[in-house]
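Being a predicted model, the structure only gives us computed values, none of them experimental. Sequence lines set the chain letters: A, B, ... in the order given, protein chains first and strands last, and positions in each chain run from 1.
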Number of protein chains: 2
Amino acid sequence: MSNVSDTKFESRIGIFESECRKNSLALTVQRRAIYDALSCRKDHPTADQVYEDIKSKLKGVSRTTVYRVLDTLVTIGVAKRISIPDPKARFDGDMQRHHHLTCMKCGTVFDLHDESLNNLQAPLGNDNGFEIMDYSITFTGLCSACRSTIKYPAK
Amino acid sequence: MSNVSDTKFESRIGIFESECRKNSLALTVQRRAIYDALSCRKDHPTADQVYEDIKSKLKGVSRTTVYRVLDTLVTIGVAKRISIPDPKARFDGDMQRHHHLTCMKCGTVFDLHDESLNNLQAPLGNDNGFEIMDYSITFTGLCSACRSTIKYPAK
DNA sequence: ACACGCTTGACAATTTGTACCATCTGCAAT
DNA sequence: ATTGCAGATGGTACAAATTGTCAAGCGTGT
């Protein structure tokens with residue numbers, strides 16, 4: 001029950017709603033729709049991708065709202081901004097600790113769930129008073145598709 | 001001799017120049033200036049911050065050139081794009097493996113050099129054929145300045 | 001059902017990143 | 001040292017991404 005990511009759709013919505021109430025945020029249709037759209041996806045959409053997703057279902061949504069709500073979701077802790085070398089903000093509805101493989105050629109991001117990476121000894125007291133609350137590892141390299149097409153330059 | 005990050009300015013420039021030659025790239029004043037500006041900084045500037053840095057010294061530089069050269073530096077392996085949850089591209093002239101502490105409140109990024117984190121067992125064969133070449137850990141939390149001002153909401 | 005205040009939508013403004021092309025410059029061959 | 005060419009730059013224009021503003025709308029507690 002404490003593991004958000006394993007829960008089914010109904011529970012996820014329940015968690016979202018209770019987090020909203022806890023923070024006295026109104027349960028608007030927009031927030032619901034945006035949270036749904038994000039948490040249903042397995043990939044790591046940009047704000048605009050989420051916007052594209054929902055604008056058919058929710059006619060008249062504003063792009064501004066999508067940006068704003070995604071930000072809210074991150075703030076109340078039901079979504080994350082992910083860390084990859086990409087000039088666009090990307091969001092992740094999977095709150096379970098996990099990591100990412102990012103292809104340096106095509107930019108695709110793959111999830112990596114690996115228990116052995118989830119209990120790193122965070123170096124406390126290292127940087128004058130920084131309080132670490134979470135972490136995520138970004139592996140960079142080449143996905144199989146790009147590996148098979150790349151020609152390494154002869155040195 | 002194999003450790004780029006510990007070297008002094010003159011060596012860094014030397015490494016930069018030899019990498020350029022190796023890739024048959026012309027040693028232009030712009031490339032030098034941009035590499036200098038980046039590798040002298042301890043933080044993780046955006047492209048525009050680098051541009052602001054050098055446009056006083058190098059009158060007439062184009063913003064386009066800064067974007068272009070930063071990209072080149074990453075390609076030839078003398079700089080990195082860093083992975084933090086930020087919608088702007090950020091660059092790092094420190095090529096030694098290290099990690100980052102990012103404050104979720106103010107967004108400041110601190111370097112974290114910690115040997116014990118530099119030899120993670122990268123889970124091979126995990127994701128159908130992805131070839132891991134490097135990794136970096138992003139710790140998220142609160143810096144000391146923000147910790148002292150934040151009021152935790154009463155639950 | 002009512003009123004208050006949080007949210008949204010629409011548009012504008014900014015910021016960030018890319019495309020294009022004429023001009024310039026590093027560099028190697030003379 | 002001079003020259004010629006390929007690659008690099010500057011600058012404008014453009015596209016994409018994100019943020020600011022504010023009147024109007026909707027969710028919530030009463």
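- C:dT8 atom C1' lies 15 Å from atom NZ of A:Lys59, rounded to whole Å.
- Between the CG atom of B:Leu73 and the P atom of D:dA8 there is a distance of 12 Å, rounded to whole Å.
- In this structure, A:Arg81 pairs ionically with A:Asp71, as a charged nitrogen and a carboxylate oxygen lie closer than 4.0 Å.
- Rounded to whole Å, the distance from CZ on B:Phe91 to P on C:dG17 is 7 Å.
- In this structure, A:Thr28 reaches the sugar-phosphate backbone alone: every heavy-atom distance under 4.0 Å involves primed, P, OP1 or OP2 atoms, never a base.
- Toward the 5′ end of DNA chain D lies the nearest nucleotide of B:Gly60, the other residue of the pair B:Gly60 and B:Pro87 mapping further downstream.
- Atoms CG (A:Leu25) and P (C:dT8) sit 9 Å apart, rounded to a whole Å.
- For C:dC6, the base has no donor-acceptor partner in the side chain of A:Ser24 [N/O atoms by modelled type, under 3.5 angstrom].
- Proximity of B:Gln30 to the phosphate of D:dG10: a side-chain N or O atom is located under 4.0 Å from OP1 or OP2.
- Atom NZ in A:Lys55 sits about 15 Å away from atom C1' in C:dA10, given to the nearest Å.
- A salt bridge is absent between B:Lys42 and B:Asp111; no separation between the charged side-chain nitrogens and carboxylate oxygens falls under 4.0 Å.
- B:Val29 comes within 4.0 angstrom of nothing in the nucleic acid, heavy atoms only.
- Relative ring orientation between A:Phe110 and B:Phe130 is described as perpendicular, the plane-to-plane angle rising above 60° on a 0-90° scale split at 30° and 60°.
- Heavy-atom nearest nucleotides on DNA chain D were determined for A:Asp71 and for B:Arg68, and the one closer to the 5' end corresponds to B:Arg68.
- Dashed line: the shortest gap from a side-chain N or O of A:Tyr67 to OP1 or OP2 of D:dT19 is not under 4.0 Å.
- We find that CZ of B:Arg21 is positioned 18 Å from P of D:dG7, with the value rounded to whole Å.
- In this model, the phosphate group of C:dG9 is approached by a side-chain N or O of A:Thr65 to a distance below 4.0 Å at OP1 or OP2.
- For B:Ala47, counting side-chain heavy atoms from C-beta on, the closest listed nucleotide (C:dG17, C:dG26, D:dA8) is C:dG17.
- Ring to ring, A:His99 and A:His113 are not that close: their centroids are 6.0 angstrom or more apart.
- A donor and an acceptor atom sit less than 3.5 Å apart, one in the side chain of B:Arg63 and one in the base of C:dG17.
- Each end of the helix from C:dA1-D:dT30 to C:dT30-D:dA1 gets its own rotation axis from five pairs of C1' atoms, and the angle between them is 50° to the nearest 10 degrees.
- Distance, B:Arg90 CZ to C:dT16 C1': 12 Å, rounded to whole Å.
- Comment: B:Arg90 engages B:Asp86 in a salt bridge, judged by a side-chain N to carboxylate O separation of less than 4.0 angstrom.
- Residue A:Thr64 has its side chain nearest to D:dG20 when only D:dG10, C:dC27, D:dG20 are considered.
- Whole-Å rounding puts the B:Ile34 CD1 to D:dA8 C1' distance at 11 Å.
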Handout entry: Steps toward side chain to side chain contact (heavy atoms under 4.5 Å, CB included) verdict (B:Leu27, B:Arg21)
Key = CA-CA 8 Å; B:Leu27 286 167; B:Arg21 274 190 285 272; 3.5 Å; yes

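- Here B:Arg31 lies in heavy-atom contact (under 4.0 Å) with sugar-phosphate atoms only.
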Exercise for the section: Test A:Leu73 against A:Tyr35 for side chain to side chain contact (heavy atoms under 4.5 Å, CB included), laying out the working first. Expected result: CA-CA 8 Å; A:Leu73 297 183; A:Tyr35 177 74; 4.2 Å; yes

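- A cation-pi arrangement is absent between A:Arg41 and A:Phe91 under the rule of less than 6.0 angstrom and at most 45 degrees off the ring axis.
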